Novice: 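To start, I am sharing the structure in question, which I have written as structure tokens.
In what follows, every chain begins at residue 1, and chains take the letters A, B, ... in the order their sequences are listed. Computed from a prediction, not measured in an experiment: that's the story for all the values here.
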Amino acid sequence: MELLKIYKNLYNYFGPQGWWPLVAFRAEPSAPRGKPFFNCDHQFEICVGAILTQNTAWKNVEKAIANLVKANLLTPGALLRCGTKKLQTCLYPAGYFRQKTKKLKIFSKFLLENYNGDLRKFFNSQVSIVRCQLLELWGIGPETADSMILYAGGKPTFVIDAYTRQLCECFGLRFKTYDEYKKFFVHQLPRRAKLYNQYHALIIAWGKLYSKDKKAALKILLL
DNA sequence: TACCAGGTCCTCG
DNA sequence: CGAGGACATGGT
């Protein structure tokens with residue numbers, strides 16, 4: 001299973017994937033040197049999206065984020081101050097709305113208390129520390145933490161999700177833990193955020209196809 | 001009508 | 001540890 005070759009096959013088929021699908025703020029089209037440009041607001045939206053999309057279709061997450069925007073709640077301070085009932089109503093379409101309300105509150109509180117709500121400051125800390133801090137928070141597991149670090153922080157951390165495991169499974173590969181999957185990928189790929197970002201996004205595109213048309217999806221891998 | 005979607009936490013053996 | 005269940009809505 002040659003990961004770079006698979007990457008190329010996926011890239012050739014699906015083409016370059018967009019940056020994290022922002023709802024409230026569009027990413028700047030004229031980013032310098034192809035680097036994604038985002039500010040604190042983008043970063044926070046990405047983190048919120050990462051939590052809301054846990055085991056949930058992105059379509060439903062979009063509705064919830066749109067509600068947050070309309071209610072002017074897309075900052076750590078506003079989320080923390082917002083009443084639980086009101087926040088639950090906003091998050092309702094994303095499912096697990098009681099749990100997710102709690103998760104967003106806890107995450108916002110953490111950011112405010114430790115980084116004054118400044119996402120840039122947070123992600124500029126050492127990656128291993130950022131990851132540990134995220135994992136200590138209730139409601140944030142390894143995938144959500146890595147998504148935040150990669151997509152909001154722009155740091156090279158490979159994200160493993162259900163589709164990634166599914167792809168490995170196609171090659172008869174199965175590991176026990178999240179970290180074992182991660183090692184398998186990072187040991188074989190150049191350590192670059194851009195690559196990790198595209199690769200993960202491509203795997204998602206592939207996974208969605210796979211769920212509809214296994215044959216077509218398998219064919220792409222084996223080109 | 002069931003089953004699943006870019007997981008995580010809790011409980012029980 | 002590891003399996004099994006709970007959490008919840010919306011699309012197919």
Novice: Suppose you measure atom P in dT11(B) against the same atom in dA8(C); what distance do you get, rounded to whole Å?
Specialist: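 Looking at atom P only, dT11(B) and dA8(C) are 16 Å apart.
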Novice: Does dC7(C) have OP1 or OP2 under 4.0 Å away from a side-chain N or O of Arg98(A)?
Specialist: no
Novice: Please tell me whether Phe110(A) and Phe122(A) form a close aromatic pair, meaning their ring centres lie under 6.0 Å apart.
Specialist: yes
Novice: Looking for any heavy atom pair under 4.0 Å, which part of the strands does Lys176(A) touch: base, sugar-phosphate only, or nothing?
Specialist: sugar-phosphate
Novice: Mind checking Phe97(A) for me? I need base, sugar-phosphate or nothing, with any heavy atom below 4.0 Å counting as a touch.
Specialist: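 Answer is sugar-phosphate: Phe97(A) comes under 4.0 Å of backbone atoms only.
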Novice: Contact class for Ile51(A) (heavy atom, under 4.0 Å): base, sugar-phosphate, or nothing?
Specialist: nothing
Novice: Please determine if a side-chain N or O atom of Lys208(A) lies less than 4.0 Å away from the OP1 or OP2 oxygen of dT12(C).
Specialist: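 Answer is no, no contact under 4.0 Å.
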Novice: Identify which one of Asn12(A), Leu209(A), Leu202(A) satisfies the side chain to side chain contact (heavy atoms under 4.5 Å, CB included) criterion when paired with Ile220(A).
Specialist: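 Among the candidates, only Leu209(A) passes.
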Novice: Determine the contact category for Glu143(A): base if any of its heavy atoms lies under 4.0 Å from a base atom, sugar-phosphate if only primed atoms, P, OP1 or OP2 are that close, otherwise nothing.
Specialist: sugar-phosphate
Novice: Can you tell me how far C1' in dA5(B) sits from the matching atom in dC7(C), rounded to whole Å?
Specialist: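 These two C1' atoms come out 14 Å apart once rounded.
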Novice: Expressed in whole Å, how much space separates the P atoms belonging to dT12(C) and dG6(B)?
Specialist: 12 Å
Novice: Take the protein atom CH2 of Trp138(A) and the nucleotide atom P of dC7(C), then report the distance between them rounded to whole Å.
Specialist: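 Going from Trp138(A) (CH2) to dC7(C) (P), I get 12 Å.
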Novice: Report yes if the side chains of Tyr11(A) and Tyr199(A) come closer than 4.5 Å at any heavy-atom pair, otherwise no.
Specialist: no
Novice: Nearest whole Å is fine: how far is dC7(C) P from Tyr92(A) OH?
Specialist: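 Distance check: Tyr92(A) OH to dC7(C) P gives 14 Å.
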Novice: Quick one: does Tyr13(A)'s side chain get under 4.5 Å of Asn9(A)'s, heavy atoms only?
Specialist: no
Novice: Please work out if Lys63(A) contacts a base, only the sugar-phosphate, or nothing of the nucleic acid, heavy-atom cut-off 4.0 Å.
Specialist: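 The residue Lys63(A) makes sugar-phosphate contact but no base contact.
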Novice: Would you say that Leu22(A) contacts Ile65(A) through its side chain, given a criterion of any heavy-atom pair below 4.5 Å between the two side chains?
Specialist: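 No, too far: nothing below the 4.5 Å cut-off.
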Novice: Quick check: on DNA chain B, is the nucleotide nearest Leu135(A) upstream (toward 5') of the one nearest Ala57(A), or the reverse? Name the residue that is more 5'.
Specialist: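 Comparing both residues, the 5'-ward one is Ala57(A).
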Novice: Leu52(A) CG to dA8(C) P: how many Å, rounded?
Specialist: 13 Å
Novice: Heavy atoms under 4.0 Å, any strand shown: does Leu137(A) hit a base, just sugar-phosphate, or nothing?
Specialist: sugar-phosphate
Novice: Go through DNA chain B in 5' to 3' direction and return only the first and the last nucleotide with some atom under 4.0 Å of chain A's heavy atoms.
Specialist: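 In short, chain A contacts DNA chain B from dA5(B) to dC10(B).
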Novice: Look at the side chain of Lys109(A) and the backbone N and O of Leu80(A), then say whether any donor-acceptor pair between them is shorter than 3.5 Å.
Specialist: no
Novice: Determine, using ring centers only, whether Tyr151(A) and His200(A) are less than 6.0 Å apart.
Specialist: yes
